[in-house]
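Accompanying notes for the structure given below.
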Amino acid sequence: MPRLLHPDDFLGSAADIARALIGATLLVDGVGGVIVETEAYDRDDPASHSHAGPTPRNAAMFGAPGRAYVYRSYGIHWCLNFVCRESGHGAGVLIRAIEPTHGLDRMRERRGLENPRLLCAGPGRVGQALGIVHAFNGCRLDQPPFEVWAAAPDVPVSVGPRIGISKAVDVPWRFGLMGSRYLSRPMGLPSKPAKAF
DNA sequence: CCTGTGATCAGCT
DNA sequence: GCTGATCACAGGC
């Protein structure tokens with residue numbers, strides 16, 4: 001039996017928590033599934049929204065751990081992070097992909113799409129499929145509409161560089177459920193095939 | 001398989 | 001004014 005995560009479960013480095021969240025189950029108003037891809041961001045990280053310090057947008061990252069940080073991406077999508085904290089403020093885990101298990105019909109409706117593989121394969125898609133809105137920014141993850149259930153022990157996790165950033169591009173803070181077909185992109189492939197000259 | 005581009009806007013310089 | 005923790009779709013091979 002899994003256990004409901006508590007704010008104390010988000011005390012630790014963003015990378016540790018991002019890894020531990022692989023295999024956890026996230027539900028928003030009963031809709032969601034198994035988290036299969038995450039990325040870590042923290043204050044010392046040039047790629048992080050929190051790197052330059054607190055602003056109105058990133059305020060949730062500097063607030064209590066175990067809460068949501070929701071931001072607008074490219075003017076279009078809502079993306080969901082879990083706020084965590086080790087020593088300082090400004091750390092979070094981006095939820096990048098989910099294997100849909102709960103409320104498939106609701107997700108298909110919201111996404112206008114049948115293929116379960118594409119319902120939640122990417123942070124913007126997760127936001128749309130789970131009905132993430134800006135009003136959830138700062139909300140506790142252990143209270144409605146959120147529910148986060150701990151992963152089973154010994155989940156196999158793969159690691160690689162993060163996606164879609166231009167700074168700290170080699171930091172290996174992207175985590176994935178090994179072998180999952182619900183990732184936003186495959187893990188661990190070389191960025192370019194080696195030339196066999 | 002791959003690359004290119006439009007959508008659309010908040011935050012920052 | 002430009003950049004972005006993105007996505008969908010078009011076109012070429």
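To find a chain, count down the sequence lines: A is the first, B the second, and so on, and within it residues start at 1. It should be emphasised that the depicted structure is a prediction, and the values quoted were computed from it without experimental measurement.
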Report summary line: Contacts of Thr101(A) meeting side chain to side chain donor-acceptor pair (under 3.5 Å) (sequence neighbours excluded), chain-then-number -> none
Query raised in the report: Listed by chain and number, what are the side chain to side chain donor-acceptor pair (under 3.5 Å) partners of Glu86(A), not counting sequence neighbours?
Result: none
Nearest-Å distance for atom pair [atom1]/[atom2], residues [X] and [N]:
| X | N | atom1 | atom2 | value |
| --- | --- | --- | --- | --- |
| Arg96(A) | dA5(C) | CZ | P | 11 Å |
| Ile132(A) | dA5(C) | CD1 | P | 19 Å |
| Arg43(A) | dA5(C) | CZ | C1' | 18 Å |
| Asp45(A) | dA5(C) | CG | P | 10 Å |
| Arg162(A) | dT6(C) | CZ | P | 11 Å |
| Arg185(A) | dT3(B) | CZ | P | 10 Å |
| Asn137(A) | dA5(C) | CG | C1' | 15 Å |
| Asn81(A) | dT6(C) | CG | P | 11 Å |

Quick check: do [X] and [Y] have side-chain heavy atoms less than 4.5 Å from each other?
| X | Y | result |
| --- | --- | --- |
| Leu130(A) | Leu26(A) | yes |
| Pro7(A) | Asp142(A) | yes |
| Arg111(A) | Cys120(A) | no |
| Leu113(A) | Arg108(A) | no |

Query raised in the report: So what does Arg174(A) touch, heavy atoms closer than 4.0 Å: a base, only the sugar-phosphate, or nothing?
Result: nothing
Report task. Determine the contact category for Leu94(A): base if any of its heavy atoms lies under 4.0 Å from a base atom, sugar-phosphate if only primed atoms, P, OP1 or OP2 are that close, otherwise nothing. Result -> base
Report task. Take atom CG of Asp154(A) as the centre, draw a 6.0 Å sphere, and report whether it contains more than 12 heavy atoms from other residues, nucleotides or ligands. Result -> no
**Report entry** Closest-nucleotide ordering on DNA chain C, the 5'-leading residue of Ser166(A) and Gly122(A)
**Finding:** Ser166(A)
Query raised in the report: Given Watson-Crick or G-U pairs with both distances under 3.5 Å, what dot-bracket string fits DNA chain B, with | for other-strand pairs and [ ] for crossing?
Result: |||||||.||||.
**Report entry** Point-to-point distance, once rounded to the nearest 0.5 Å, from CZ of Arg125(A) to CG of Leu119(A)
**Finding:** 9.5 Å
**Report entry** Qualifying salt bridge (charged side-chain N to carboxylate O under 4.0 Å, His left out) pairs with a residue from residues 3-25 of chain A, counting only residues at least two apart or across chains
**Finding:** Arg3(A)-Asp9(A), Asp16(A)-Arg19(A)
Contacts of type ring-ring contact (aromatic ring centres under 6.0 Å, His included), residue [X], not counting sequence neighbours:
| X | value |
| --- | --- |
| Phe136(A) | Phe146(A) |
| Phe175(A) | none |
| Phe62(A) | none |

Query raised in the report: When you measure from every atom of DNA chain B, which of residues 112-121 of chain A have a heavy atom less than 4.0 Å away?
Result: none
Report task. Name every residue in residues 48-70 of chain A that has at least one heavy atom under 4.0 Å from any atom of DNA chain B, in order of residue number, or write none if there are no such residues. Result -> Thr55(A), Arg57(A)
Report task. Could you note down all residue pairs passing side-chain hydrogen bond (donor to acceptor under 3.5 Å, both in side chains) where residues 53-72 of chain A supplies at least one of them, sequence neighbours left out? Result -> His49(A)-Tyr69(A), Thr55(A)-Asn58(A)
Report summary line: So the side-chain hydrogen bond (donor to acceptor under 3.5 Å, both in side chains) pairs with at least one residue in residues 157-170 of chain A (sequence neighbours excluded) are Asp45(A)-Arg162(A)
Would you tabulate the pairs of protein nitrogen or oxygen atoms and nucleotide nitrogen or oxygen atoms of nucleotides 5-9 of chain B closer than 3.5 angstrom?
{"residue": "dT8(B)", "atom": "O2", "partner": "Tyr74(A)", "partner atom": "O", "Å": "2.6"}

**Report entry** dA5(C) base stacked by Tyr41(A) (centroids within less than 5.5 Å, tilt under 30°)
**Finding:** yes
